[in-house]
Amino acid sequence: MKIAITGASGLIGTPLVAALLADGHDVVRLVRGTSTDSDVRTWDARTLDPATIADREAVVHLAGAGVADHRWTPAYKKIVLDSRVQGTTAVARAMAEAAGPQVLLSASAIGWYGDTEDRLTDEGGPSGQGFLADVCRQWEQSTAAAETAGVRVAHLRTGIVLSGRGGALKKQAQAARAFAGAPLGTGRQWTSWISLKDEVDAIRHLLTADVSGPVNLVGPAPVTNLEFTRTLNRVVHRPTIPVPVPAFVLRAILGEFADEGVLVGQRLTPAVLERSGFHFAHRDLEAALRASL
């Protein structure tokens, strides 16, 4: 298959490109700036020339500013939203005009659901409240041009991706190894996680699976923050601090992100993914953490 990928140098994009090449696919990376590499084509993350992807059969769109990379000032929240809406709109319109690509796998996030509390929720669950939920709604709506043109579109609602090389787990593991592994807030909020291997394999699966619409890219066994913390500490051979980090401390350190990215949770099930025949390599958190670290 001929595939174009945005966000190809990111935490997910890097191993995805390697896996697709190993599968024998023809992969081009869509990047900003100039490059002489034969597998690179350029775009500016706001506009995309349809000719750039006219020979592609599928596009995997992963690009977007990191949600937790900076404190949530009004200016940075605009960057987060614009990087998703403008970039996805550009990709969708280019695919519609190119009339070549037939599949769009477009990144989204489980923030779409807001706080699910203790409810085990599948892709049919309602959208939540707050900035992240609103970003995800607009993000997913931005694929409309491709869908109208008949492109099969799947929205990759990704959970916490476990990798020792980056993302949340890298920071959590560093804290745990420094004997600072404590539950956050009440510790009762749910964490829906997925190993990096399963994330990459799920995207590979969805390139050819007859699936469209939202797909929860999460493992089948969500855990509470307290259970996640205890398991991580056990994996790195450290004790769990019995006193949780208070919510007010997290708000002082993380600002607005604390309330939407740390103190709320999503208890999700990968219903669509499992119905489509996908098999997880890591169904158990401890096994996934050991493989990741």
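What's counted below: heavy atoms across the whole structure, side chains too, no hydrogens, waters or symmetry copies.
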Checking Tyr76 now: which residues fulfil ring-ring contact (aromatic ring centres under 6.0 Å, His included) with it, not counting sequence neighbours?
His70
Show which side-chain atoms of residues 176-185 pair as donor or acceptor with protein atoms under 3.5 Å away, not counting sequence neighbours.
none

Salt bridge (charged side-chain N to carboxylate O under 4.0 Å, His left out) for Glu97 and Arg93? Distances and angles first, verdict last.
CA-CA 6 Å; Glu97 293 179 32; Arg93 287 177 176 172; over 6 Å; no
Got a salt bridge between Arg56 and Asp26, using NZ or NE/NH1/NH2 to carboxylate O under 4.0 Å?
yes
Only counting residues at least two apart or in another chain, list the ones meeting salt bridge (charged side-chain N to carboxylate O under 4.0 Å, His left out) with Asp55.
Arg41
Just checking Arg32: does its CZ atom have more than 12 heavy atoms from other residues, nucleotides or ligands closer to it than 6.0 angstrom?
no
Applying a strict under-4.5 Å side-chain criterion to I, L, V, M, F, W and Y, I'd like to know whether Val60 and Val211 cluster together.
yes
Within 45° of the six-membered ring axis of Tyr113 and under 6.0 Å from that ring's centre, is NZ or CZ of Arg119 located there?
no
Salt-bridge contact Glu256-Arg71 (side-chain N to carboxylate O under 4.0 Å)
no
Please round to the nearest 0.5 Å and tell me the distance separating atom CG of Leu21 and atom CG of Asp23.
9.0 Å
Under a plain distance cut-off of 3.5 Å, with no hydrogens placed, do Asn233 and Thr240 share a side-chain donor-acceptor pair?
yes
If you measure only the distance, is there a donor-acceptor pair under 3.5 Å linking the side chains of Ser195 and His282?
yes
May I ask you to check whether Thr224 and Arg188 show a side-chain donor-acceptor distance below 3.5 Å?
no
Check ion pair Glu227-Arg234 (N to O, under 4.0 angstrom)
no
Checking one residue: Val236. Which other hydrophobic residues are in its cluster under the side-chain 4.5 Å linking rule?
Ile160, Leu162, Leu169, Trp193, Val223, Phe228, Leu232, Val235, Leu285, Leu289, Leu293
Using atom types as modelled, flag every donor-acceptor pair under 3.5 Å from a side chain in residues 4-16 to any protein atom, sequence neighbours excluded.
| residue | atom | partner | partner atom | Å |
| --- | --- | --- | --- | --- |
| Thr6 | OG1 | His61 | ND1 | 2.7 |
| Thr6 | OG1 | Leu62 | N | 2.9 |
| Thr6 | OG1 | Ala63 | N | 3.1 |
| Thr14 | OG1 | Ser9 | O | 3.2 |
| Thr14 | OG1 | Gly10 | O | 3.0 |

Side chain to side chain contact (heavy atoms under 4.5 Å, CB included) partners of Ala51, counting only residues at least two apart:
Asp49
